[in-house]
Protein chains: 2
Amino acid sequence: MDAKATRSNSRNDALLDAAAELFAAQGFKATSMRDIAKAVGMLPGSIYYHFASKDDLLLAIYEAGVDQITATFAAAIAPLDDPWLRLEAGMAALIRAITDASSTTSVIFKVEPSDVPKYEAELIAFRDKFEALFRTLVDELPLHAWVDPHLLRLMLLGAANHAQLWYSPKGRFAADEIGQHFARLVQAPIGR
Amino acid sequence: MDAKATRSNSRNDALLDAAAELFAAQGFKATSMRDIAKAVGMLPGSIYYHFASKDDLLLAIYEAGVDQITATFAAAIAPLDDPWLRLEAGMAALIRAITDASSTTSVIFKVEPSDVPKYEAELIAFRDKFEALFRTLVDELPLHAWVDPHLLRLMLLGAANHAQLWYSPKGRFAADEIGQHFARLVQAPIGR
DNA sequence: CTATTAAACAAACACTTGTTTGTTTAGTCA
DNA sequence: TGACTAAACAAACAAGTGTTTGTTTAATAG
């Protein structure tokens with residue numbers, strides 16, 4: 001272990017973690033550099049030794065978040081063969097990532113790329129990396145001809161995204177169960 | 001017609017309309033009083049003759065928006081009897097309202113009550129007025145026992161809400177068709 | 001015509017924003 | 001020990017925020 005790098009990385013990671021938690025909770029614009037500085041116990045200006053700008057800070061979070069969610073998502077669906085079971089597992093993993101306030105993954109779904117004009121293209125590219133994974137999950141479903149896979153994907157993604165506004169760990173359902181339930185609502189006939 | 005009132009109301013309405021369009025397009029915090037002033041052609045300070053604060057301006061928009069969407073929504077489902085057809089019509093009306101950028105109704109779904117701490121409770125109350133209407137629509141559906149109406153409602157609402165981020169009038173589907181499609185995705189078996 | 005008021009302007013207010021600068025402290029390495 | 005550098009501090013900067021104030025214009029009503 002390199003002592004210098006370790007200490008440096010630990011402060012660097014502390015910044016990333018604190019910023020991610022604040023961005024996820026309050027949004028990008030609503031979080032000030034002073035908020036972040038206070039969270040890690042340093043002065044606002046000191047952050048600029050580690051990151052060139054607030055925008056760059058978000059970019060780093062986004063990248064880490066996408067890497068993490070793609071890995072989690074892929075791992076969740078990998079052991080399953082049935083397309084519908086894979087969708088259920090994928091949705092469960094997705095809702096988990098979105099509603100985990102202490103994770104960098106939730107930032108991806110909370111902060112819109114348009115909030116950061118400087119890196120809008122890069123952020124969209126990061127998002128696409130995950131959404132491509134999700135798209136394949138939907139595209140492998142055996143669907144009736146009248147179903148539009150594009151709209152189905154957007155519906156599931158929208159429902160998941162929205163969970164971040166109402167989900168509570170104290171609620172009646174766990175994040176996993178919500179994701180699984182959503183997948184089943186579009187899978188099976190729900191009326192009688 | 002009262003000339004004085006007419007002129008006064010026209011300026012007042014112009015402010016409401018311009019602010020609503022900007023709030024819907026950019027969000028509440030991202031829209032400045034200077035933006036709104038420029039849109040109606042007056043100086044920032046002049047707005048305060050008509051509205052006491054930026055928060056009050058939003059409150060007025062929210063109230064008008066809720067009145068409008070509840071009326072539109074109720075009118076859309078009123079002539080129908082079948083619960084599933086009522087859901088389709090309701091979802092169509094909802095997506096229409098959410099994606100209509102020139103309407104005050106979209107503000108309700110774009111601006112989160114937490115963005116305006118001073119009136120958070122009031123804004124939530126306004127939202128609830130509409131969501132109660134939507135809740136009855138879901139609650140009258142004949143559902144299998146395994147289906148949770150609560151989660152079904154949140155899924156539909158989330159999918160609709162999300163449409164504001166990706167909907168384009170130049171897209172493959174009209175707002176109506178999207179709403180109807182969403183309703184059918186949870187209604188009929190979509191796999192084969 | 002005159003008194004009143006609606007409606008706007010022009011300018012500043014106090015505050016917050018992201019960021020920059022110059023300096024100091026503490027630890028590393030030859 | 002002495003040179004170097006990582007890492008932070010303290011303080012200010014320019015720009016933008018919502019809002020307030022005093023004043024002017026223009027229309028209305030008695």
Side-chain angles (χ1 to χ4, degrees), chain A residues 1-20 22-23 25-62 107 111 114-120 123, chain B residues 1-20 22-23 25-62 107 111 114-120 123:
Chain A
M1 277 188 253
D2 184 2
K4 185 184 67 179
T6 298
R7 188 161 51 85
S8 174
N9 283 341
S10 94
R11 296 301 283 158
N12 214 287
D13 288 354
L15 270 172
L16 285 174
D17 287 347
L22 288 168
F23 288 161
Q26 317 171 354
F28 179 71
K29 288 184 181 176
T31 301
S32 72
M33 294 298 266
R34 285 160 181 82
D35 291 338
I36 299 169
K38 183 182 287 182
V40 298
M42 62 172 70
L43 294 190
S46 306
I47 300 178
Y48 289 82
Y49 175 80
H50 303 276
F51 293 93
S53 69
K54 190 187 179 189
D55 290 355
D56 284 73
L57 188 46
L58 178 71
L59 189 69
I61 292 172
Y62 235 78
V107 176
V111 180
S114 59
D115 287 346
V116 191
K118 185 183 177 186
Y119 290 135
E120 185 172 7
L123 299 187
Chain B
M1 278 189 248
D2 183 4
K4 185 185 69 179
T6 297
R7 190 159 52 85
S8 175
N9 284 339
S10 95
R11 295 303 283 159
N12 215 287
D13 288 354
L15 269 172
L16 286 174
D17 288 347
L22 288 168
F23 288 161
Q26 318 172 352
F28 178 71
K29 289 183 180 177
T31 301
S32 72
M33 293 299 266
R34 285 160 182 81
D35 292 339
I36 300 169
K38 182 182 288 182
V40 298
M42 62 172 71
L43 293 191
S46 306
I47 300 178
Y48 290 82
Y49 175 80
H50 303 276
F51 293 94
S53 69
K54 190 188 179 188
D55 291 354
D56 284 73
L57 188 47
L58 179 72
L59 189 69
I61 292 172
Y62 235 79
V107 176
V111 180
S114 59
D115 286 346
V116 191
K118 184 183 176 187
Y119 290 135
E120 185 172 6
L123 299 187

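Naming: A, B, ... by sequence-line order, numbering from 1 per chain. Fair warning: this is a prediction, and the values are worked out from it, not measured in the lab. Any value given below was found using the heavy atoms of this structure, including those in side chains, with hydrogens, waters and symmetry copies removed.
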Is any side-chain heavy atom of [Y] closer than 4.5 Å to one of [X]?
{"X": "Leu59(A)", "Y": "Val116(A)", "answer": "no"}
{"X": "Val40(B)", "Y": "Ile47(B)", "answer": "no"}
{"X": "Leu57(B)", "Y": "His50(B)", "answer": "no"}

Between [N] atom [atom2] and [X] atom [atom1], what is the distance in whole Å?
{"X": "Met33(A)", "N": "dA8(D)", "atom1": "CE", "atom2": "P", "answer": "13 Å"}
{"X": "Gln26(A)", "N": "dT16(C)", "atom1": "CD", "atom2": "P", "answer": "15 Å"}
{"X": "Tyr48(A)", "N": "dT20(C)", "atom1": "OH", "atom2": "P", "answer": "7 Å"}
{"X": "Lys38(B)", "N": "dT17(D)", "atom1": "NZ", "atom2": "P", "answer": "10 Å"}
{"X": "Asp55(A)", "N": "dG18(C)", "atom1": "CG", "atom2": "P", "answer": "10 Å"}
{"X": "Met42(B)", "N": "dA10(C)", "atom1": "CE", "atom2": "P", "answer": "13 Å"}
{"X": "Leu43(B)", "N": "dA10(C)", "atom1": "CG", "atom2": "P", "answer": "6 Å"}
{"X": "Asp56(B)", "N": "dG18(D)", "atom1": "CG", "atom2": "C1'", "answer": "13 Å"}

- Query: Between atom CE of Met33(B) and atom CG of Leu43(B), what is the distance when rounded to the nearest 0.5 Å?
  - Reply: 12.5 Å

- Query: So, Asp17(B) side chain and Ala14(B) main chain: donor-acceptor pair closer than 3.5 Å or not?
  - Reply: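 Side chain of Asp17(B) to backbone of Ala14(B), a donor-acceptor pair under 3.5 Å: no, none is there.
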
Proximal nucleotide (of [options]) relative to the [X] side chain:
{"X": "Ser53(A)", "options": "dA8(D), dT19(C), dA6(D)", "value": "dT19(C)"}
{"X": "Tyr49(A)", "options": "dC9(C), dG18(D), dA7(D)", "value": "dA7(D)"}
{"X": "Ser46(B)", "options": "dC9(C), dT19(C), dC9(D)", "value": "dC9(C)"}

- Ala30(A) or Ala52(A): which one's nearest nucleotide on DNA chain C is closer to the 5' end?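 Per heavy-atom nearest nucleotide, the more 5' residue is Ala30(A).
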
- Query: Between the base of dG18(D) and the side chain of Arg34(B), is there any donor-acceptor pair under 3.5 Å?
  - Reply: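 Answer yes: a donor N or O sits under 3.5 Å from an acceptor.
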
- Item | Phosphate OP1/OP2 of dA8(D) contacted by His50(A) side-chain N/O (<4.0 Å) | yes

